[in-house]
There are 2 protein chains.
Amino acid sequence: MAMNTTLKAIADPVRRKILELLKHQSYSAGEIAQQFDLRQATVSYHLKLLKQAGLISERREKNFIYYDLNASVFEEVLRWLYSLGVKGDD
Amino acid sequence: MAMNTTLKAIADPVRRKILELLKHQSYSAGEIAQQFDLRQATVSYHLKLLKQAGLISERREKNFIYYDLNASVFEEVLRWLYSLGVKGDD
DNA sequence: AACCTATTTAGATACTTTTCTAAATAGCTG
DNA sequence: CAGCTATTTAGAAAAGTATCTAAATAGGTT
């Protein structure tokens, strides 16, 4: 089940871009929303799905909510890919 | 775009199971369909998506169509995962 | 407390995906 | 070629997902 949630989470380009943004630093929900031509409520919905998948975590500071990437959740996906015979580093 | 197609393809449990089945040997469309509680037409639809994603290839023999896994397509996904900082083999 | 700003939640709508049934195709085999 | 088997395609219905607007919450600030 975890795997399904993870893969569904990254099967959307908006959510992948959010993860990429968070690679180097945290951003608030508002800062993330600015990167898209979408309403804040919509971005908030994507953040919720990423959070549910465990791919990001949130942290309140002042009245902002900052998001952080948690890439370790991908390890299961990685193992699955390897199990199918994908060859590792190239 | 390729990435999006690949990730959408594996974001479905039926399609993931098809890939797993094909890991060790080829199977015909009918043999694959038998593994699921779904109509053959439905499985055929999933096979079409996997084919479009380049994850499987087909090969006619008699009047069967056999499918083969092509895991190399996953390399792009793997690179993306690594780029996010997922640590490799554990 | 009243207000302001950041963000989420609720509910509606639009779009996409999955599944089904029925019909079509494609290639053997007698 | 007529019939058989395997599979796909077309079209409709059902289910799931993404987006929007409007309203609610939550926490600072004065």
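Every chain is numbered from 1 and lettered A, B, ... according to where its sequence line falls, protein lines coming before strand lines.
Side-chain contact between A:Tyr67 and A:Lys51: present, with at least one pair of heavy atoms (C-beta onward) separated by less than 4.5 Å. Here the side chains of B:Val77 and B:Met3 are in contact, with some heavy-atom distance below 4.5 Å. Put simply, the side chain of A:Asp68 does not reach to within 4.5 Å of the side chain of A:Leu22, judged on heavy atoms. Counting heavy atoms from C-beta on, the side chains of A:Ile10 and A:Leu55 come closer than 4.5 Å. Taking 4.5 Å as the limit, every side-chain heavy atom of B:Phe64 sits out of range of all side-chain heavy atoms of B:Glu31. Using a 4.5 Å heavy-atom cutoff, the side chains of A:Lys17 and A:Phe36 are in contact. Between A:Lys87 and A:Tyr82, the closest side-chain pair of non-hydrogen atoms is not below 4.5 Å.
Note that the first and last nucleotides of DNA chain C, 5' to 3', having any atom under 4.0 angstrom from a heavy atom of chain A are C:dT5 to C:dT9.
Taking every heavy atom of residues 57-65 of chain A and every atom of DNA chain C, pairs under 4.0 Å involve A:Asn63, A:Phe64, A:Ile65, by number. For the segment residues 2-39 of chain B, residues with any heavy atom less than 4.0 angstrom from an atom of DNA chain D are, sorted by number, B:Ser28, B:Ala29, B:Gly30.
When every heavy atom of B:Glu20 is checked against every heavy atom of A:Leu84, the shortest pair comes out as CA-CD2, 4.0 Å.
For the pair B:Glu61 and B:Arg59, the salt-bridge criterion is met [side-chain N within less than 4.0 Å of a carboxylate O].
Rounded to whole Å, atom C1' of D:dG16 lies 14 Å from atom NE2 of A:His46.
Among the protein residues, A:Tyr67 comes within range of the sugar-phosphate backbone only, with heavy atoms under 4.0 Å from sugar or phosphate atoms but none that close to a base.
When each of B:Ala41 and A:Ala41 is assigned the nucleotide of DNA chain D bearing its nearest heavy atom, the one mapping closer to the 5' terminus is B:Ala41.
B:Asn70 and B:Ser57 share no donor-acceptor pair across their side chains, judged by distance under 3.5 Å alone.
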